[in-house]
Amino acid sequence: MVRTKKNDGNLLDYVPRRNPLLEWRQTEEGAVQITVCRTGVLNWISQALFKAPKKSTVNLDKYGSFIWLYIDGERTVEQLARQLKEQYGEEAEPLYERLVQYMRILKNNKFIEL
């Protein structure tokens with residue numbers, strides 16, 4: 001069983017949902033690009049002083065893009081893992097450790113909700 005940091009349940013049972021406020025697109029090659037708008041006081045200061053961009057683009061790799069496209073608000077993390085295993089086989093190993101870490105990164109960056 002894969003537990004969350006708070007130890008409040010099995011992460012594999014969670015249903016991820018994409019953040020509806022994010023802009024994203026799929027490239028011709030099939031990769032997913034997520035556009036992140038940099039808002040807030042600190043971002044405004046860095047934009048004014050250091051010419052930081054107002055938007056950043058995050059390019060997902062082939063596994064990340066695959067998972068992103070399958071996140072539909074209905075499938076559990078376990079179901080996503082099975083889809084990834086079916087598509088990439090042994091190449092996706094260590095499957096659960098990588099997927100759990102990826103889900104945590106997406107959640108911490110507010111790309112998804114669990």
Side-chain angles (χ1 to χ4, degrees):
M1 182 178 336
V2 181
R3 298 221 177 254
T4 62
K5 286 185 179 181
K6 293 180 183 176
N7 211 17
D8 57 356
N10 187 347
L11 183 64
L12 298 177
D13 294 333
Y14 284 67
V15 176
R17 289 171 190 78
R18 291 188 208 127
N19 181 340
L21 301 177
L22 286 177
E23 296 176 23
W24 66 276
R25 71 180 197 92
Q26 190 173 11
T27 66
E28 291 179 17
E29 296 80 27
V32 171
Q33 292 181 329
I34 301 172
T35 302
V36 179
C37 295
R38 303 291 178 189
T39 59
V41 175
L42 292 177
N43 285 304
W44 181 81
I45 292 170
S46 66
Q47 290 163 8
L49 294 177
F50 306 111
K51 307 291 188 238
K54 291 182 180 183
K55 293 184 178 183
S56 298
T57 303
V58 177
N59 297 303
L60 302 182
D61 67 3
K62 68 179 178 180
Y63 305 115
S65 295
F66 181 85
I67 290 297
W68 182 263
L69 294 172
Y70 274 90
I71 292 175
D72 61 1
E74 295 180 15
R75 292 183 177 99
T76 64
V77 174
E78 172 69 29
Q79 291 170 322
L80 296 173
R82 281 192 233 126
Q83 291 290 141
L84 193 62
K85 178 74 171 178
E86 185 178 309
Q87 178 70 26
Y88 292 102
E90 292 300 314
E91 186 181 338
E93 295 297 336
L95 178 64
Y96 292 102
E97 292 84 356
R98 290 171 76 180
L99 184 57
V100 166
Q101 184 64 27
Y102 181 65
M103 288 293 150
R104 287 183 178 144
I105 290 169
L106 291 178
K107 183 178 184 303
N108 289 342
N109 286 288
K110 297 181 175 50
F111 291 177
I112 63 167
E113 299 171 351
L114 290 172

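Just so it is clear, the values below take in all heavy atoms, side chains as well, and ignore hydrogens, waters and symmetry mates. Since we're looking at a predicted model, the values are computed, not measured.
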In Å and rounded to the nearest 0.5 Å, what is the [atom1] to [atom2] distance from [X] to [Y]?
{"X": "Leu69", "Y": "Leu80", "atom1": "CG", "atom2": "CG", "value": "11.0 Å"}
{"X": "Met103", "Y": "Ile67", "atom1": "CE", "atom2": "CD1", "value": "5.5 Å"}
{"X": "Asn19", "Y": "Lys107", "atom1": "CG", "atom2": "NZ", "value": "12.0 Å"}
{"X": "Asn109", "Y": "Arg104", "atom1": "CG", "atom2": "CZ", "value": "14.0 Å"}
{"X": "Arg75", "Y": "Arg82", "atom1": "CZ", "atom2": "CZ", "value": "11.5 Å"}
{"X": "Leu11", "Y": "Leu99", "atom1": "CG", "atom2": "CG", "value": "8.0 Å"}

Considering all heavy atoms, the nearest Gln79-Glu74 contact: OE1-O, 3.9 Å
Nearest heavy-atom neighbours spanning Gln83 and Tyr70: NE2-CE2, 3.4 Å
Heavy-atom check, side chain of Ile112 versus side chain of Trp68, under 4.5 Å: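 Sidechains of Trp68 and Ile112: in contact.
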Pairwise side-chain contact, Asp13 with Thr76, heavy-atom cut-off 4.5 Å (strictly under): no
Where the side chain of [X] meets the backbone of [Y], is there a donor-acceptor pair that is under 3.5 Å apart?
{"X": "Ser65", "Y": "Val32", "value": "yes"}
{"X": "Arg17", "Y": "Val15", "value": "yes"}
{"X": "Tyr102", "Y": "Gly64", "value": "yes"}

Stepwise side-chain contact (heavy atoms from CB on, under 4.5 Å) test for Phe111 and Ile105: CA-CA 9 Å; Phe111 291 177; Ile105 290 169; over 6 Å; no
Trp24 and Leu60: CA distance, side-chain angles, deciding distance, side-chain contact (heavy atoms from CB on, under 4.5 Å) verdict: CA-CA 11 Å; Trp24 66 276; Leu60 302 182; over 6 Å; no
With Thr57 via side chain to side chain donor-acceptor pair (under 3.5 Å) - residues at least two apart: none
Heavy atoms of other groups near Lys110 NZ, more than 12 under 6.0 Å: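 12 or below, so no.
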Test: Arg98 cationic atom under 6.0 Å from Tyr63 six-membered ring centre, within 45° of axis: yes
Derivation and outcome, side-chain contact (heavy atoms from CB on, under 4.5 Å), residues Glu78 and Tyr96: CA-CA 9 Å; Glu78 172 69 29; Tyr96 292 102; 3.2 Å; yes
Arg18: which of Ile71, Leu106, Asp72 passes side chain to side chain contact (heavy atoms under 4.5 Å, CB included): Ile71
side-chain contact (heavy atoms from CB on, under 4.5 Å) between Gln33 and Gln26, intermediate numbers included: CA-CA 6 Å; Gln33 292 181 329; Gln26 190 173 11; over 6 Å; no
